[in-house]
Amino acid sequence: MKRWETAGVMTELSGWGRYPVVEGSERVSENFEAATRGAALSRGLGRSYGDASLPVSPSDPVAASRRADRLLSFDPASGRLRAEAGLSLRALNQIFLRRNWASPVVPGTQYVTLGGMVASDVHGGNHHVAGTFGEHVRALRMRVADGRVLEVSLDSEPELFLATLGGMGLTGHILEVEVQLERIPSPWIYQESRRVNDIDDLVESLLEGSKRWPLTKTWFDSTTRGPRMGRGILITGRWAEPGEAPPQAPELRERLSVPFELPWSAVNGLTVSVFNMLWFHSQRRGLQSEVVHPQAFFWPLDGVRHWNRLYGPRGFAQYQCVLPIERDTRVVRRFFAVMTKRGCPSPVSVIKDCGREGRGLLSFPKPGISIALDVPLRRGEKTQALVDALNEIVLDAGGRIYLAKDVLTRADHYRAMEPRLAHWNEVRRKWDPDHKLRSALSVRLLGDEP
């Protein structure tokens, strides 16, 4: 019996938000190409927050890529890397950071696979200069719905290639990824940080910082209302020069762990208000500059293993949108007013400056302000009502939400946000007319048959 055929045991599957939880079966194998034969969906490390990597039905086979993590080739002169889709960003960092190479774009966790980074077309704090991960992908090896395995790039099947960047795994199984790495002067980060006092200061400081720095982000206090609404900490950075950085390479490690699921959520209005107040005041007044570990800058939450268990048995949703501001910068203030009035106790709240729209047909970013929130799931319809209200503001502003984070957006809201969806659907129908590849997300938002 083939190794991947022994892995079809029913188990509970969920995204990182731990909602929803569904019954499913993963084919786990080093031979990922074989495991994808007849599978309805691929799944990496399960770090999309909602239902993007969840099967529609327990009978839908899910091919898991996490053991298919081999490096296939690397050109040290050019930085061109080819690897299996299950290679994690953390493994890539462990190998290449000490050699002064890095992924040109990174999301907020290292526990993602290269295939997942393509499917979500991830972005980071350097989006205003580097674009999305897909801008640096040169080629993909894919199994498409009719069973064929193809080499896909801008030169070979360009529409399929572009539909796969940000296509949430619905255009084919990504088997291998070829990407251009970035040469860096050292594996450490030179960082500057300072407080911002309110929403106007936050937006102005972020936009000004993006003109001077390749890496920018702002943590904000989601619980403060009134004149201090939007207070936070602006963080800017760049890769440190050799003369600024420590001589040794940084070690990537987890220092803490949440060993079990809490019987109740430790994340609520009171605990988050206290945490946010302490975190804001932990930043000393004035400008602070230092050289920091890349994990502290890019992936601070990776230092706490299983931190999602803090949200208890209900789990949580993450909400991320981008708001264009060229017409009216006050839209960010309106968003914050609704968020704080309805109550959104989020300890992980980040604003970034987005640059040009990605080339992927459904890539998330577009020029504007990106806002990301962790939203504890509450009893009744309160959380759904919050997401509905925020989506109305996003719609009115001409913005959109990020599918890799979403679990509560309604289909009519998403379709109204996404004028590119018709073209993407056309490409998808060409390659998969029967929708053999599907997910819980595609049923919820795209109208696939359950």
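Positions are given from 1 along the sequence. A quick note: this is a predicted structure, and the numbers were derived from the prediction, not measured.
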Heavy-atom pair with the smallest gap, counting every atom of Ala130 and Pro104: CB-O, 4.1 Å
If you look only at pairs with a residue in residues 110-135, which of them pass as a ring pair (Phe, Tyr, Trp, His ring centres under 6.0 Å), with sequence neighbours excluded? His123-Phe364, His123-Tyr402
Taking it one step at a time, do Tyr19 and Tyr311 satisfy ring-ring contact (aromatic ring centres under 6.0 Å, His included)? CA-CA 11 Å; Tyr19 171 85; Tyr311 285 83; over 10 Å; no
Heavy-atom distance under 4.5 Å between the side chains of Thr218 and Ser205, does that happen here? no
For Arg410, is there an ion pair with Asp412 - N to carboxylate O distance below 4.0 angstrom? no
So which heavy atom on Val112 is nearest to which on Met117, and how close? CG2-CG, 3.7 Å
Answer yes or no: is there a donor N or O on one side and an acceptor on the other, between the side chain of Arg43 and the main chain of Pro55, under 3.5 Å? no
Quick check against the 3.5 Å criterion: does Thr271 have a side-chain atom that pairs as donor or acceptor with the backbone of Ala266? yes
Nearest heavy atoms of Glu26 and Arg66, plus distance in Å: OE1-NH2, 3.1 Å
N/O donor-acceptor pair under 3.5 Å between Gln110 side chain and Asn93 backbone: no
With distance as the sole criterion, is a donor-acceptor pair present between the side chains of Ser65 and Ser42 under 3.5 Å? no
Does Arg194 come within less than 4.0 Å of Glu208, counting only side-chain N to carboxylate O? no
Under the criterion salt bridge (charged side-chain N to carboxylate O under 4.0 Å, His left out), I'd like the reasoning laid out for Arg231 against Asp201: C-alpha separation, chi angles, the key distance, then a yes or no. CA-CA 8 Å; Arg231 70 178 183 177; Asp201 188 15; over 6 Å; no
Main-chain N/O of Gly167 paired with Thr164 side-chain donor or acceptor, under 3.5 Å: no
Under 4.5 Å between any side-chain heavy atoms of Glu84 and Leu114, yes or no? no
How far apart are the closest heavy atoms of Arg342 and Ala389, and which atoms are they? NE-CB, 3.3 Å
Look only at the side chain of Ser153 and the backbone of Ser156, and say whether a donor-acceptor pair between them is shorter than 3.5 Å. yes
Leu361 and side-chain contact (heavy atoms from CB on, under 4.5 Å): which single residue from Glu418, His423, Glu159 fits? His423
Applying ring-ring contact (aromatic ring centres under 6.0 Å, His included) to Phe161 and Trp431, what does each step give before you reach the verdict? CA-CA 12 Å; Phe161 179 73; Trp431 290 94; over 10 Å; no
Hydrogens and angles aside, do Asn308 and Tyr49 bring a side-chain donor and acceptor to less than 3.5 Å of each other? no
Indicate yes or no: does Asp434 engage Lys436 in a salt bridge with an N to O separation below 4.0 Å. no
Check: Gln295 and Arg253 side chains under 4.5 Å, non-hydrogen atoms: no
Answer yes or no: is there a donor N or O on one side and an acceptor on the other, between the side chain of Arg143 and the main chain of Gly147, under 3.5 Å? yes
N/O donor-acceptor pair under 3.5 Å between Arg228 side chain and Ile199 backbone: no
Would you indicate whether the side-chain heavy atoms of Val56 and Asp448 approach each other to under 4.5 Å? no
Taking NZ, NE, NH1 and NH2 as the nitrogens, is one of them in Asp302 or Arg90 under 4.0 Å from a carboxylate oxygen of the other? no
Is there side-chain contact between Trp299 and Leu89, with heavy atoms separated by less than 4.5 Å? yes
Do any N or O atoms from the side chain of Arg415 and from the backbone of Leu445 form a donor-acceptor pair under 3.5 angstrom? yes
Name the orientation class of the two ring planes belonging to Trp307 and Phe316 (parallel below 30°, tilted from 30 to 60°, perpendicular beyond 60°). tilted
Is there a donor-acceptor contact under 3.5 Å from the side chain of Ser363 to the main chain of Asp121? no
Per side-chain contact (heavy atoms from CB on, under 4.5 Å), Cys344 is matched among Val338, Val272, Leu373 by Leu373
Using only heavy-atom distances, determine whether the side chains of His306 and Glu261 contain a donor-acceptor pair under 3.5 Å. no
Test: Arg309 cationic atom under 6.0 Å from Phe260 six-membered ring centre, within 45° of axis: no
Is the closest side-chain heavy-atom distance between Glu176 and Glu178 below 4.5 Å? no
If the threshold is 4.0 Å, N to carboxylate O, is there a salt bridge linking Arg141 and Glu33? yes
Consider only side-chain N and O atoms of Gln320 and Ser370, and report whether a donor and an acceptor are under 3.5 Å apart. yes
Spatial distance of atom CH2 (Trp16) from atom OG (Ser48) [nearest 0.5 Å]: 11.5 Å
Side chains of Asn391 and Thr409: donor-acceptor distance under 3.5 Å anywhere? yes
Do NZ/NE/NH1/NH2 and the carboxylate oxygens of Arg212 and Glu192 come within less than 4.0 Å? no
Please give me the minimum heavy-atom distance between Leu206 and Leu234, naming the atom from each residue. CA-CD1, 4.0 Å
What I'd like to find out is whether the side chain of Val122 reaches to under 4.5 Å of the side chain of Val106, using heavy atoms alone. no
Identify whether the distance between the nearest side-chain nitrogen and carboxylate oxygen of Asp406 and Arg444 falls below 4.0 Å. yes
Show the nearest heavy-atom pair for residues Glu151 and Ala139, with the distance to one decimal. OE2-CB, 3.6 Å
